[in-house]
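A quick note: this is a predicted structure, and the numbers were derived from the prediction, not measured. Ligands are counted one by one from 1 in listed order, and the atoms in each one are counted from 1 as well. When a residue number appears, it is its place in the shown sequence, counting from 1.
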Amino acid sequence: MDLATRIARLRAEIERHNHAYYVLDTPVIPDAEYDKLFRELQTLEAQHPEFSTPDSPTRRVGGKPLDAFAAVRHAVPMLSIRTETDISDAGAIAFDVRVRKELGLSENEAPIEYACELKFDGLAINLRYECGVLVEAATRGDGETGEDVTQNVRTIHCIPLHLKGCAAEVLEVRGEVYMSRKDFERYNERQREQGLATLVNPRNGAAGSIRQLDPALAARRPLSFFAYGLGETRGWDSPVTHSAVLDALAKMSVPVSDERAVVRGAEGMVKFHRRIAAKRDSLPFDIDGVVYKVNSLALQTELGFVSREPRWAVAHKFPAEEQITVVHDIDIQVGRTGKLTPVAKLEPVFVGGTTVSNATLHNEDETRRKDVRIGDTVIVRRAGDVIPEVVGVVIDRRPANAGEPFDLFKRLHGKCPVCGSRIVREEGEADWRCTGGLFCPAQRVQALLHFASRRAMDIEGLGYKLAEQLVDGAIVNTPADLYKLGMPAVADLDRMGEKSALNLLEAIEHSKRTTLARFIYALGIRNVGEATAKDLARHFGKLERLMKADEVSLQQVPDVGPVVAQSIIAFFSEPHNIEVVKALLAHGVQWVEHEAQAVRESPFSGKTFVLTGTLTTMTREQAKEKLEALGSKVSGSVSKKTDYVVAGAEAGSKLDKAHELGVAVLDEQQFLTLLESV
Ligand code: IVH
């Protein structure tokens with residue numbers, strides 16, 4: 001095969017995978033395979049620059065940072081649409097009345113056909129295709145002149161670099177660049193983990209990234225696009241209705257939302273408005289309303305424009321997803337894993353369709369970065385089924401008697417608000433945590449489940465529902481109480497027959513004979529996974545020695561660094577935890593040293609993993625916890641000792657290193673499959 005053909009085939013194949021991944025959301029090849037194709041194309045183009053083209057998928061990576069954006073004069077002005085402020089049905093009815101009046105239609109004449117769409121909440125963009133190739137992308141600007149953001153727009157994977165089956169001389173596609181809720185949450189989560197600034201909302205995320213001068217930075221922020229109309233066209237045979245125009249664009253592989261409808265009259269628009277309002281929360285992106293457009297392009301021309309707004313379109317809004325209100329207090333909630341989360345207690349406010357009186361502040365750093373204080377007026381956001389959050393302070397409205405800058409430790413006097421145990425914040429961690437893991441009521445269910453899990457005390461039959469019942473009924477407060485359970489209490493529980501009650505009691509009794517490693521692991525000490533528990537058991541031999549160990553002796557254990565050592569010390573210096581440990585021993589829990597090897601082997605035990613790139617189904621932190629719970633070690637760098645590298649999206653140098661050293665690489669799907677196999 002000659003070079004030109006090979007390059008053309010690579011491009012076509014990569015674009016096909018891009019489309020499958022970014023538009024259809026159904027990738028067909030593993031990321032590693034895709035990367036291989038991509039790198040081959042990059043190499044060939046670098047070696048043979050004469051073959052490089054503006055629509056090659058390699059151009060999506062972004063070029064050099066710019067000093068400023070060039071101005072682009074729009075061939076056809078980018079106008080905005082009138083917003084119907086009445087969010088009730090009357091909004092749609094009033095629009096239909098106006099349109100009919102303008103067209104001089106009497107009541108007896110047939111209803112008008114309207115194209116109904118979503119009103120996406122992002123940034124308007126004009127994509128200019130010449131002979132089917134994307135040559136320029138511009139923001140709206142003042143409607144006459146926008147900014148040339150072509151480099152950044154190329155990094156948006158769902159935007160085609162060339163149109164399928166369309167070679168029109170000029171075809172300008174207009175639409176909205178937006179950030180999905182999932183991408184927004186994931187981006188912010190990652191920023192928070194690293195103590196970096198977060199985005200206020202997806203709209204700012206989209207606008208900020210498009211107007212980012214460094215395309216490499218823009219490319220890091222995941223954006224998407226939906227088309228909703230056209231700009232200049234030349235040499236294109238246009239359909240006669242707006243809905244058919246969008247259908248035609250979709251056929252050319254331009255992303256067009258499926259959530260649209262062609263309806264008749266006001267009644268049809270009202271129905272659409274209601275239907276979309278009902279599913280607004282479950283959409284994967286923010287919308288702030290719907291848009292109605294007269295479907296016939298001929299009628300659109302007849303209606304024309306008034307004060308730079310088309311008479312043939314209107315935006316019909318939904319209730320806002322952001323509102324301002326006052327912070328009455330800042331509470332601190334204890335999560336199931338002991339994580340302490342500051343929560344703003346608000347003057348109740350109607351936002352995103354419900355009344356909100358609590359909003360998360362995420363953690364201490366976020367609260368300080370936003371400088372939220374008691375008495376402040378804040379912007380609260382609730383979109384989709386995401387927990388309401390405080391996104392910022394309206395600083396002009398800060399009262400003279402506003403509270404102090406937020407200090408979580410000071411506010412709690414260093415004690416868990418639920419159980420009074422000490423609180424700690426590890427180095428490099430954003431969250432404060434309660435150290436009373438075995439004792440704290442907020443953590444009981446979690447502690448119990450972990451304690452009973454297969455690799456810990458292995459109490460078969462003690463699942464979530466049961467653990468919750470035991471805790472809620474105050475039958476079991478700490479894992480030690482499990483060993484006090486008797487037949488009547490257990491048999492009384494929901495959905496518990498005599499036989500399963502007996503089985504459970506037997507499993508509990510059976511678990512008393514365990515190994516030191518399992519016991520240590522079962523305590524649920526933060527950062528102590530199965531592998532570390534084994535190392536600790538082997539090194540110290542006796543529980544008493546581990547309990548008394550100081551930082552220096554703990555760090556002599558393989559793979560125990562300062563963070564793990566601190567977690568162990570924090571755990572055993574909490575008297576509440578000691579009480580539970582003593583109670584467990586008093587109830588007859590004992591270990592047989594030589595059974596240490598009996599822990600069931602799995603593909604994970606003793607293996608070293610490196611996590612890199614972005615995972616879509618969990619955070620890296622969660623993946624790490626899972627792996628450690630299964631007896632693996634998670635390391636920060638790839639070496640010959642690494643058994644597996646798990647490579648998420650945008651994996652970089654670690655993945656390269658893995659290839660270089662011949663270390664096995666798992667993509668996210670393969671990793672999930674392996675996790676499910678145990
Ligand atoms: S049509 C001439 N359709 O809302 C008509 N606009 O003022 C041009 N928007 O910033 C706009 N979804 O970016 C249209 N389905 C949709 C839209 C939409 C969002 C944005 C648009 C503009 C504003 C309209």
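- Below 30°, between 30° and 60°, or above 60°: for Trp312 and Phe305 the angle between ring planes is above 60°, a perpendicular geometry.
- Considering only non-hydrogen protein atoms, atom 12 (N) of ligand 1 sits nearest to Phe120 N, 3.1 Å.
- Of the protein's non-hydrogen atoms, the one nearest atom 10 (O) of ligand 1 is Ala124 CB, 4.1 Å.
- From the protein, the heavy atom lying nearest to atom 4 (O) of ligand 1 is Lys119 NZ, 3.2 Å.
- Nearest protein heavy-atom contact of atom 7 (O) of ligand 1 is Ile81 N, 2.8 Å.
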Does Tyr114 form a ring pair (Phe, Tyr, Trp, His ring centres under 6.0 Å) with Phe95? I'd like the steps, not just the answer.
CA-CA 11 Å; Tyr114 293 102; Phe95 173 58; 5.6 Å; yes
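- Figure legend: cation-pi geometry between Arg59 and Phe38 absent, as NZ or CZ is not positioned both under 6.0 Å from the six-membered ring centre and within 45° of its axis.
- Atom numbering of ligand 1 starts at 1 in the shown order; those under 4.0 Å from a heavy atom of Ser80 are 7 (O).
- If you check which protein heavy atom lies closest to atom 20 (C) of ligand 1, you get Glu176 OE1, 3.5 Å.
- Looking only at side-chain heavy atoms (C-beta outward), Pro54 and Leu134 stay at 4.5 Å or farther from each other.
- The nearest protein atom to atom 2 (C) of ligand 1, hydrogens excluded, is given as Pro310 CG, 3.7 Å; this is a heavy-atom distance.
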Between Tyr178 and Phe226, is a ring pair (Phe, Tyr, Trp, His ring centres under 6.0 Å) present by the stated rule, with each step listed?
CA-CA 8 Å; Tyr178 67 93; Phe226 278 131; 5.1 Å; yes
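- No salt bridge links Arg9 with Glu15; every basic N to acidic carboxylate O contact stays at or beyond 4.0 Å.
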What do the steps show when you test Lys279 against Asp281 for salt bridge (Lys or Arg N to Asp or Glu O under 4.0 Å), and what is the final call?
CA-CA 6 Å; Lys279 68 189 301 190; Asp281 275 5; over 6 Å; no
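- Within the 4.0 Å heavy-atom shell around ligand 1 one does not find Leu123.
- Of the N or O atoms in Tyr228, one or more lie within a sub-3.5 Å distance of an N or O in ligand 1.
- Residue, atom and distance of the protein heavy atom nearest to atom 3 (N) of ligand 1 are Lys293 NZ, 2.9 Å.
- Using a 4.0 Å cut-off between heavy atoms, Leu118 contacts ligand 1 through its backbone alone, with no side-chain atom that close.
- Looking only at protein heavy atoms, the nearest one to atom 15 (N) of ligand 1 is Glu117 OE1, 2.8 Å.
- Between the side chains of Arg11 and Thr58, no donor-acceptor pair of N or O atoms lies under 3.5 Å.
- Aromatic pair Tyr129/His162: centroids not less than 6.0 angstrom apart.
- The nearest non-hydrogen atom to atom 8 (C) of ligand 1, considering only Asp288, Leu79, Val76, comes from Leu79.
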